[in-house]
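What's counted below: heavy atoms across the whole structure, side chains too, no hydrogens, waters or symmetry copies.
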Amino acid sequence: MNFQQTLDYLYSKLPMFTRVGAAAFKKDLTNTIIFCKALDNPQQKFKTIHVAGTNGKGSTSHMLAAVLQAQGYKTGLYTSPHLKDFRERIRINGKMISKTEVIAFVKNQQKLIERIEPSFFEVTVALAFDHFAKHEVDVAVIEVGLGGRLDSTNIIKPEISVITNISMDHTNMLGNTIEEIAGEKAGIIKKKIPVIIGETQEKSASVFLRKAKEMDAPIVFADDVLIAKDFKIKNTRLSLSVYQNHQIKYKNLICDLTGVYQHKNILTVLESLAILNGQTKFKVSDQSIFNGLKQVKKLTGLQGRWQTLGKNPLVICDTGHNEAGIAEVVKNISQTPFENLHVVFGMVKDKDISGVLSMMPKNAIYYFCKPDLERALDASELKAQAADYQLQGNSFPTVAMAKENAIKSAGINDLVFIGGSTFVVAEAL
């Protein structure tokens, strides 16, 4: 099989969450354990950092990887989903896994795959662990796919566990309350291993404290320890200062991820690095923190986080796709100067569509579209539901057509925002 045939085999043969949704989510770790055992348990051959959360876990993972790279550590990074290329999921020092390595892995493991019938995600996790072990990384930042407790990544014993925040998402699999969802995410808290919680939230805090006590794991809430002030966005860079105990700890920290919501993730990253410095063999200097955060995109290849795609008109995309993510997107839009707002928008069926639509700006022209996957909501159906929330516009059969029409209709001082789903952003890119 060549690379495309190998991908087709993975995509078509295996249950894939992006395609079939909940049906691809396995309710235990059996397959991952069997698969990794057959590979001689590669996940035990390198150090890891485990990152979970509803929103911000991708940005946080990339920032941590960027800083560790800047410090000179050979750093693996496993994230999902990918936007343009499957290989984005598995990187070492920002470099994607090679096509030949993907082909060889699937070819060598095909009999095992046919026998245990894993999901697409389970195979990808095993591939990532195998890749990091073979290339002898110093440390790998491992982003949870979904939830935590039953996620395929949850067979690692990390140096630290990081949980960014909790909001309502994937309720059909993780639970219908913040407390239930927090319980699933808390599944990555391991015995005696430090855990860093990014955001103190009334309903989830007690769940994390209870689980940490049960596991005898030291726990810290980043926003209890650190405060971000003076943040501003200038020349596609976010600048802020960070205080601890009323004393300045980092003055004029610059980050190339410019969403105003990133200050929460930055605090999570800084506290995680402080714990890493104090309680593990990994040491990271302030210089590496400044250097890493300044060039996250360059060092790790991250895309789709309040990313500028064009100017005159300003075209920006963001992968925020649940209520908490959209709240941050709306905040960013309100802080961006423009004359008229054009929104290219699509969603998948298993999200809280009415919750998201109720938050979107009404003073905009909408270009409703359907990303190219089975779970996507039909554009005309989305348009009809949006009308109930006074959101007006036209529907388009593809993301490309919606994007093209929005840019063509916009004046040079207008803003074109593209989002609603990771898959809309993937196609827009």
Quiz item: Can you name the residues that form a salt bridge (Lys or Arg N to Asp or Glu O under 4.0 Å) with Lys281, not counting sequence neighbours?
Solution: none
Self-check item: Qualifying salt bridge (Lys or Arg N to Asp or Glu O under 4.0 Å) pairs, either residue in residues 34-46, two or more places apart
Solution: Asp40-Lys45
Practice problem: Report the residues that fulfil salt bridge (Lys or Arg N to Asp or Glu O under 4.0 Å) with Lys190, sequence neighbours left out, ordered by chain and then residue number. | Solution: none
Practice problem: Could you list all the salt bridge (Lys or Arg N to Asp or Glu O under 4.0 Å) pairs where at least one residue sits in residues 398-410, not counting sequence neighbours? | Solution: Glu404-Lys408
Exercise. Assert yes or no for the condition that the ring centre distance of Tyr11 to Phe120 is strictly below 6.0 Å.
Key: yes
Practice problem: State which residues pass side chain to side chain donor-acceptor pair (under 3.5 Å) with Tyr261; sequence neighbours excluded, sorted by chain then number. | Solution: Asp318
Quiz item: Partners of Thr398 by side chain to side chain donor-acceptor pair (under 3.5 Å), sequence neighbours excluded?
Solution: none
Quiz item: Does any pair with a residue in residues 132-162 pass ring pair (Phe, Tyr, Trp, His ring centres under 6.0 Å), and if so which ones, sequence neighbours excluded?
Solution: Phe46-Phe132, His131-His135
Practice problem: Decide whether Asn291 and Gln287 meet the rule of one side-chain donor and one side-chain acceptor closer than 3.5 Å. | Solution: yes
Quiz prompt | side-chain hydrogen bond (donor to acceptor under 3.5 Å, both in side chains) partners of residues 200-210, not counting sequence neighbours, each pair once | solution = Thr200-Asp223
Quiz item: Taking only residues two or more places apart in sequence, or in another chain, which ones meet Lys192 in a salt bridge (Lys or Arg N to Asp or Glu O under 4.0 Å)?
Solution: Asp216
Quiz item: In chain order, what residues pass the side chain to side chain donor-acceptor pair (under 3.5 Å) check against Asp85, with sequence neighbours excluded?
Solution: Arg87
Practice problem: Name all residues meeting the side chain to side chain donor-acceptor pair (under 3.5 Å) criterion together with His50; count only those two or more places apart in sequence or in a different chain, and write none if there are none. | Solution: Thr153
Self-check item: For Glu179, all residues meeting salt bridge (Lys or Arg N to Asp or Glu O under 4.0 Å), sequence neighbours excluded
Solution: none
Practice problem: Decide if the gap between the ring center of Tyr73 and the ring center of Phe282 is smaller than 6.0 angstrom. | Solution: yes
